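Since the model is a prediction, treat every value here as computed from it, not as a measurement.
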Amino acid sequence: MTMQSVERLFALIDSFGDEVSSVGSVPMEGIDKVEDVLGVRFPEEYRAFLSRYGAITIGQVRVYGISYPVDSEPSIVWALRGLWEVFPEMPRSLIPIRDLAESGAVACIECQSAESKSSEAPVVLWKFDPQEDEQNPVFLSEGFAAYLSETLTEFKHRRAALSILEQHVAKFETDYLSQGKLPRNHIWRPFRFCSQDVVLGLAVVRHSIDNNCLEVDVCLTSDVPEYEPGSGAKWMASFLLSEAYKCGGSMEIRFSTNVEDGHVPRALCDLCDAYGVVLEHAADGRITPLEARSLYVALTDFSPALRDEIQGLARVARLSEERACYAVHHGLWTRAELETIVLGAPRGDSILGGDAQPEQRHLYQSDLAHARASVMGGLLDRKLAKRLRGDADEALDLEDDVRPLEVAFDPTYYAKVYCSTEQMPVPWVVGQSQDTAGLPAGVQLIALLRARETEDLTVHLQQDLDLAAECLASLQGQGTAARVSVLVPRDFDNLSQRSRDEFADKAHALNVDIMVCPDTTVSLDADAARRLSSSRIMRE
């Protein structure tokens, strides 16, 4: 502990003025008595805090300490009695200083025993109901002064940001919403990011014409217990990077002095650290174009094969990494669909850029055919990933109930490769009355994408089935358990009954399947054409 850190903390607390509610100073002998009762030794910085304030409440931030009577909030004795009664397994060295019940945890000082000579006392997060594989407690800060300073600074920044956000929203409603107008990119625009009724982030951004970058005036994120830690920061980073690309700037992002005093938000810095992206100008409130691209690629989580191919296209200036990332984050293509396009199509960059126009008939039809196949593969992706709960009489389709599914693309056979850690159905199989749930966990499903029209199926499906059999033989030779299918559109149903039966018999003889997607090439083409059109205008 240094006196400077304690003095800075006290100055920060006093800067809140009348908003600070404290129980009053505690004499040293009172602090000693509480230490004796609890059998621990408080760190000197916490003793200094107790001696000056006892305990404090500033807005929503309440810090436990010593108060009288000791059996009421915000007394640490009162808090410990409740915790020990409900959680007898809680280590006696943990002294609670903040109740974080919304996160299912409490912030504690990990004190030394009364006989210890060590002065170390980190602040940790002790979880009420940790998962079996979760660490408990979790390190938060090296000491009480550092933790409380960081907490109060974040509280001050958040409150100031909300005030600035209200001003932006009021102006935006007056200038644009009330008049039914849409703002240009260089206008401050407020955004709120929610999942159902849960707010994960708030932001106000604009494109700076003078600096050719994205400027950020408000950037707030939140961690919600029901979501993966850091989800708010991921959503915010994805939005800021996508907006930086969409607005046509250099991908640089600059934060105003209203955002954590001109520093890149701590939540985004932590996110960059987690992905190994070094921000060299975080203190200046800047994320450089190179840093932004690196973070964008990391967030998009391309497979190694896809990332290598995209980087190769970027080196010859055929496709930028950020364009591929934006196509995913904008919802134009999923990662798996993008992989089909980039690894499977000879002009994947043209498809992602929407380069070919309909009047360029041959180029456009080539792009459309590969886009159609990707769309059809995406339908199978979603079908396999979605679980259906219930019994034989009633199936329940539950929102966000997703099967763990690995999806890859094999350009050799122009095929999707699926594998799950649980039993997986094989849908749409010709001659199968309903989806079978017979594919065991760990067994691959290979689906050759053949988005052919009826006439092409007549000519090429026999060859497709032979290639599927060759794929199966190759996998069996490698000792890989797999089921191989040829996925075709519903145009298959336009074939004569005799032709359908012959193809089904051929597939059975080869020990492969024919899977018929519920959509026709007409509907697949309509979706593919829409995406190609959107690709042309997705950057302003």
Side-chain angles (χ1 to χ4, degrees), residues 207 211-214 234 237-238 240-253 271-281 286-357 360 362-364 366-371 373-374 377 407-417 449 528 531-532 534-540:
H207 173 64
N211 298 310
N212 195 29
C213 68
L214 186 74
K234 287 183 180 179
S238 173
L240 294 178
L241 292 164
S242 297
E243 191 71 11
Y245 175 79
K246 179 180 76 70
C247 291
S250 64
M251 291 295 292
E252 180 178 357
I253 302 174
L271 182 68
C272 289
D273 288 342
Y275 282 107
V277 178
V278 179
L279 301 182
E280 296 184 352
H281 304 280
R286 291 177 54 225
I287 298 178
T288 67
L290 180 59
E291 294 165 353
R293 291 187 183 94
S294 299
L295 180 58
Y296 212 7
V297 171
L299 284 172
T300 313
D301 194 25
F302 294 131
S303 69
L306 178 56
R307 185 178 60 248
D308 291 344
E309 184 67 21
I310 290 173
Q311 289 175 344
L313 292 171
R315 283 193 291 270
V316 295
R318 289 179 57 189
L319 175 68
S320 68
E321 293 176 298
E322 54 268 33
R323 187 176 192 89
C325 294
Y326 184 78
V328 173
H329 290 272
H330 191 57
L332 193 59
W333 302 98
T334 67
R335 278 190 295 268
E337 291 169 347
L338 187 79
E339 188 163 2
T340 299
I341 291 170
V342 174
L343 298 184
R347 288 166 31 91
D349 54 309
S350 175
I351 296 173
L352 295 181
D355 295 342
Q357 301 290 336
Q360 298 171 290
H362 296 294
L363 293 177
Y364 183 76
S366 174
D367 287 355
L368 185 65
H370 288 283
S374 182
V407 185
F409 181 77
D410 183 353
T412 302
Y413 297 99
Y414 204 91
K416 302 293 285 285
V417 182
L449 301 181
R531 300 193 198 195
L532 291 175
S534 297
S535 297
R536 299 187 198 104
I537 59 175
M538 67 183 185
R539 194 176 197 203
E540 301 173 11

* Kindly compute the distance separating CG (L271) from CG (L299), expressed to the nearest 0.5 Å. => 5.5 Å
* Under 3.5 Å, side chain of E291 to main-chain N/O of T288, donor-acceptor pair present? -> yes
* Side chains of S250 and N212: do they bring a donor and an acceptor to under 3.5 Å? -> no
* Asked: If we ignore angles and hydrogens, is there a donor and acceptor under 3.5 Å between the side chains of E337 and T340?
  -> no
* Asked: For the atom pair CG (L319) and CG (D349), what is the distance rounded to the nearest 0.5 Å?
  -> 6.0 Å
* Asked: Roughly how far, to the nearest 0.5 Å, is the CD1 atom of I310 from the CG atom of L338?
  -> 5.5 Å
* Asked: Without hydrogens or angle criteria, can the side chains of S238 and H329 be said to hold a donor-acceptor pair below 3.5 Å?
  -> yes
* Structure fact -> Rounded to the nearest 0.5 angstrom, the CG-CZ distance for N211 and R286 is 9.5 Å
* To do: Working to the nearest 0.5 Å, report the span between OH of Y245 and CD of E321.
  => 12.0 Å
* Asked: Looking at F409, W333, Y364, Y414, which one forms a ring-ring contact (aromatic ring centres under 6.0 Å, His included) with H370?
  -> Y414
* Asked: Any chance the side chains of Y296 and S242 put a donor and an acceptor closer than 3.5 Å?
  -> yes
* **E280 atom CD, over 12 foreign heavy atoms within 6.0 Å** => no
* Asked: Between atom OG of S350 and atom CG of L363, what is the distance when rounded to the nearest 0.5 Å?
  -> 7.0 Å
* Determine whether I351 and L532 make a side-chain contact, defined as any pair of heavy atoms from C-beta on separated by less than 4.5 Å. => yes
* **Side-chain H-bond candidate by donor/acceptor type, R323 with S320, under 3.5 Å** => no
* side chain to side chain contact (heavy atoms under 4.5 Å, CB included) between V297 and R307, worked out -> CA-CA 8 Å; V297 171; R307 185 178 60 248; 4.2 Å; yes
* Specify the closest pair of heavy atoms between F302 and C325, including all atoms of both residues, with the distance to one decimal. => CE1-SG, 3.8 Å
* To do: Look only at the side chain of E309 and the backbone of L306, and say whether a donor-acceptor pair between them is shorter than 3.5 Å.
  => no
